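All remarks here apply to the structure that follows.
As the structure lists them, so they are numbered: ligands from 1, and atoms in each ligand from 1. What you see is a predicted model; the values in this text were computed from it and never measured. Position 1 is the first residue of the sequence, and the numbers go up from there.
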Amino acid sequence: MTTPDTPSADTPSADTPEARLADIRGRIAAAAREAGRDPAEVTLVAVSKTHGPDRIAPLIAAGQRTFGENRVQEAAAKWPDLKAAHPDIELHLIGPLQTNKVKDALALFDVIETLDRPKLAFALADAITRAGIRQPRLFVQVNTGEEPQKAGIAPGDLGAFLKTVREEAGLAVDGLMCIPPVEEEPALHFGLLANLARDHGLKVLSMGMSGDYEVAVRLGATHVRVGTALFGAREAYR
Ligand SMILES: *Cc1c(COP(=O)(O)O)cnc(C)c1O
């Protein structure tokens, strides 16, 4: 943190979004190397939910190209212009997707990280066929903590779900994502997700948020979803 009389804008430790981005990228790279991994295997998904284009633009200017949003409507309000201006941006949906928002989601998102039920897989497949578009990359959300209030496929149901998605809906799945229970050791959940991915021959693992992304990288994350550590605190919502 900078003190009020420290010149902040041009020092490496400055508390700006650009400086935080550089710091987080450095930490990701260090965690990857510690685990004997190539830092290039890890993608930082900048979670921009609740933040407007004015907060997002400096990160785009600093070279960040992968962003995550958790609500379709909020993303539809702010991303079309940004994506038109920067066609190489990759947008990830990291929140629940209702079947009545599938069409809007397909128009916006390059990656849907929250495939969590057969009904959604069939709705996606149907909308993709109707629109005649290429499918977005899909990750299956796994409810590693088996929390009743949380979305996601239970670990024991993953094999059957993958079969349904691939063979009945005809969709390809790239990887898995999880949101560990808040009160539990995240490493246990990251380890479980990594084992599930390995058992099912999947290479992509979206796990780790502001408080634990370095742990996630050490345990094999290919995508970390970081909001607060990058943008600062969000207004409380939901
Ligand atoms: C908000 C959110 C994040 C980012 O959380 P931070 O703690 O702010 O980094 C990551 N993943 C999901 C699914 C989220 O909804």
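Between G227 and ligand 1, at least one pair of N/O atoms sits closer than 3.5 Å.
The proximity of E113 to ligand 1, defined as any non-hydrogen pair under 4.0 Å, does not occur for either the backbone or the side chain. Contacts of I179 with ligand 1, taken as heavy-atom pairs under 4.0 Å, involve the side chain alone.
Put simply, the side chain of L219 reaches to within 4.5 Å of the side chain of M207, judged on heavy atoms. Residues V140 and L202 fail the side-chain proximity criterion, which asks for heavy atoms closer than 4.5 Å. Counting heavy atoms from C-beta on, the side chains of S48 and E69 come closer than 4.5 Å.
Taking only non-hydrogen atoms, the option from M209, H223, M177 nearest to atom 10 (C) of ligand 1 is M209. Summarising the contacts of atom 9 (O) of ligand 1 with A151, S48, S210, S206, the nearest heavy atom is found in S210.
Ion pair E90/R137 flagged as a salt bridge, since at least one NZ, NE, NH1 or NH2 atom sits closer than 4.0 Å to an Asp/Glu carboxylate oxygen.
Ring geometry, H92 versus H223: the interplanar angle falls from 30° to 60°, so the pair is classed tilted.
K103 NZ: 12 or fewer foreign heavy atoms inside a 6.0 Å radius.
For ligand 1, the atoms sitting less than 4.0 Å from at least one non-hydrogen atom of R225 are 4 (C), 9 (O), 10 (C), 11 (N), 12 (C), 13 (C), numbered in the order shown with element in parentheses. Within ligand 1, counting atoms from 1 as listed, the ones closer than 4.0 Å to a heavy atom of V226 are 9 (O). Residue contact check: T228 has heavy atoms under 4.0 Å from atoms 6 (P), 7 (O), 8 (O), 9 (O) of ligand 1.
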